Amino acid sequence: LLMLKWAEDATSEYINKEVVKGYTTGFLGTDEVLGETLILPESLVVIGANPGKGKTQLMIKMSTEIAMQYRNRFVDVYSLEMPSQQIIARMIGFATKNTRPKYYTDETWALVCHRIEQLKDTQLYICDKPVMSIERIKSNTRAKIAQGMRPAAIFVDYLTLLQMPKAERRDLSVGEVTKQCKQMAKEFGCIVVLLCQLSRANMQRINKRPIMSDLKDSGQIEADCDLVLFPYYDFLFNPDSDCGNFAEIIIGKNRHGGSETSYAKVINGVWLDCDQQEARIKLSA
């Protein structure tokens, strides 16, 4: 039966020349690197960075874009650290390029109204309860599915703030959580995006760009995840950097495709799309 289902899908793709699209990262350059299938359903995605270095920005951009891409499906954001009002301010910030209303102009307020209109009919839900477990997230998701709702993505910010299952060692607890996140993605047919802190090992290197071994308790995380994204803005590490306002989105692992670096532009702390060629020239100079 599985072979028959595969043959039907392959035949349909061959005849129609259409590839089923997955889920966007929210950044055009990164989507181009991933290819036309984007992030496949049932994937576990990890976003890793040092504290205050861009991982929440990527999560917010990604979650809002997916919610707008799939308006008939729900997107859950579990923010265990940041209050929901700050999440909303950053969602608006992608349109205004600023998260501080005191600096808004009449033109900026028009952009705010347009952004609210874009998000108004989406099924985007934010939970900012400080205590949360994977079992509770599963229960919440099953309850929505029982009401006839379909999930697109579940975001968790971040791994070590979750209630950890009891184990002899912390790395075993972390491994159990990432395994359950992967199982959750498969059970619900959605993507699960898990934010992770780095171990600060990169802070001891001259080149501070993150690598897979920088993820705390990285062994099991690397085994379970399908895609790893590392946001990196050199100016935040080296104030004398000549990177300007260009930042990198490094693909540390991609089970289904390429692992090139793509680029974004940071304006007033907001991560935005940019011209990939311009950024590549600037950062390679």
Side-chain angles (χ1 to χ4, degrees), residues 20-27 30-31 34 37-49 55-67 69-70 73-82 87 122-129 132-145 149-165 173-197 212 215-231 249 251-257:
V20 176
K21 285 189 176 291
Y23 299 98
T24 180
T25 63
F27 292 88
T30 310
D31 285 351
L34 293 178
T37 59
L38 301 177
I39 304 174
L40 294 173
E42 303 185 11
S43 292
L44 172 59
V45 180
V46 168
I47 300 176
K55 59 183 180 296
T56 302
Q57 277 286 327
L58 262 64
M59 177 195 75
I60 295 171
K61 174 74 168 172
M62 192 172 175
S63 60
T64 52
E65 293 297 328
I66 290 175
Q69 178 189 14
Y70 290 96
R73 302 181 190 180
F74 68 86
V75 174
D76 281 344
V77 174
Y78 291 90
S79 178
L80 282 66
E81 183 178 45
M82 184 177 292
I87 298 285
T122 63
Q123 299 183 57
L124 178 61
Y125 301 92
I126 302 170
C127 174
D128 61 359
K129 292 182 179 179
M132 187 60 60
S133 68
I134 289 295
E135 288 304 322
R136 180 66 181 275
I137 293 173
K138 286 181 180 179
S139 177
N140 291 347
T141 306
R142 290 184 183 120
K144 288 181 179 177
I145 292 173
M149 302 172 69
R150 295 177 61 197
I154 299 168
F155 292 79
V156 181
D157 183 11
Y158 56 90
L159 171 62
T160 51
L161 291 180
L162 283 167
Q163 287 184 322
M164 291 287 168
S173 294
V174 169
E176 180 60 28
V177 169
T178 58
K179 183 174 73 174
Q180 289 189 41
C181 284
K182 178 61 179 176
Q183 292 172 347
M184 186 163 59
K186 291 180 70 65
E187 177 185 346
F188 301 134
C190 64
I191 64 170
V192 174
V193 182
L194 188 61
L195 275 61
C196 296
Q197 298 276 28
M212 290 298 294
L215 289 167
K216 287 185 178 180
D217 306 300
S218 62
Q220 195 59 45
I221 296 173
E222 184 173 358
D224 291 327
C225 70
D226 299 281
L227 176 67
V228 178
L229 302 175
F230 293 122
I249 300 176
I251 298 180
K253 175 187 176 181
N254 183 7
R255 197 187 300 273
H256 305 294

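Just so you know, these numbers come straight off a predicted model, no measurement behind them. Basis for what follows: all heavy atoms, side chains included, without hydrogens, waters or symmetry-related copies.
D76 places none of its side-chain heavy atoms less than 4.5 Å from the side chain of P151. Between M59 and V77, the closest side-chain pair of non-hydrogen atoms falls below 4.5 Å. Side-chain contact between K253 and L227 is absent, with no heavy atoms from C-beta onward closer than 4.5 Å. Side-chain contact between F230 and K55: absent, with no pair of heavy atoms (C-beta onward) separated by less than 4.5 Å. L162 places a side-chain heavy atom less than 4.5 Å from the side chain of L80. V177 places a side-chain heavy atom less than 4.5 Å from the side chain of C181. For the pair V174 and I221, the minimum side-chain heavy-atom distance is below 4.5 Å. For the pair T56 and L58, the minimum side-chain heavy-atom distance is 4.5 Å or more.
Side chain of D224 to main chain of K179: a donor-acceptor pair is present (N/O by atom type, distance under 3.5 Å, no hydrogens or angles). Looking at D31, its side chain does come within 3.5 Å of a backbone N or O of T25 through a donor-acceptor pair. Judged purely by atom type and a 3.5 angstrom limit, K144 has no side-chain atom pairing as donor or acceptor with the backbone of R150. Proximity of a side-chain donor or acceptor of T64 to a complementary backbone N or O of I60 within less than 3.5 Å is detected.
For A152 against I66, the heavy-atom pair with the smallest separation is CB-CG2, 4.0 Å. The minimum heavy-atom distance between T122 and A67, with the atom names listed, is CG2-O, 3.6 Å. Among all heavy-atom pairs drawn from C190 and I154, the shortest one is SG-CD1, 4.1 Å. Nearest heavy-atom pair, P41 versus G189, reported as atom, atom and distance to 0.1 Å: CB-O, 3.8 Å. In terms of heavy atoms, V228 sits closest to C225 at CG2-SG, 3.3 Å. The two atoms that bring P231 and I47 nearest to each other are CD-CG2, 4.0 Å, heavy atoms only.
The structure places CG of D157 at 10.0 Å from SG of C196, a figure rounded to the nearest 0.5 Å. The NZ atom of K138 sits 7.5 Å away from atom CZ of F188, with the distance rounded to the nearest 0.5 Å. For the atom pair CD of E187 and CD1 of I145, the computed distance is 7.0 Å after rounding to the nearest 0.5 Å. Put simply, CD on E81 and OG1 on T160 are 8.5 Å apart, with the number rounded to the nearest 0.5 Å. Summarising the geometry, atom CZ belonging to F155 is positioned 11.5 Å from atom CD1 belonging to I126; distances are rounded to the nearest 0.5 Å. Note: I137 CD1 to Q163 CD = 10.0 Å, rounded to the nearest 0.5 Å.
Both the sub-6.0 Å distance and the 45° axial angle are satisfied by K61 relative to the ring of F27.
Ring geometry for Y23 versus Y70: interplanar angle of 30 to 60°, hence tilted.
Enclosure of atom CZ in R136 is not indicated, since only 12 or fewer non-hydrogen atoms of other residues, nucleotides or ligands lie within 6.0 angstrom.
Salt bridge K182/D226: present, at least one basic N to carboxylate O contact under 4.0 Å.
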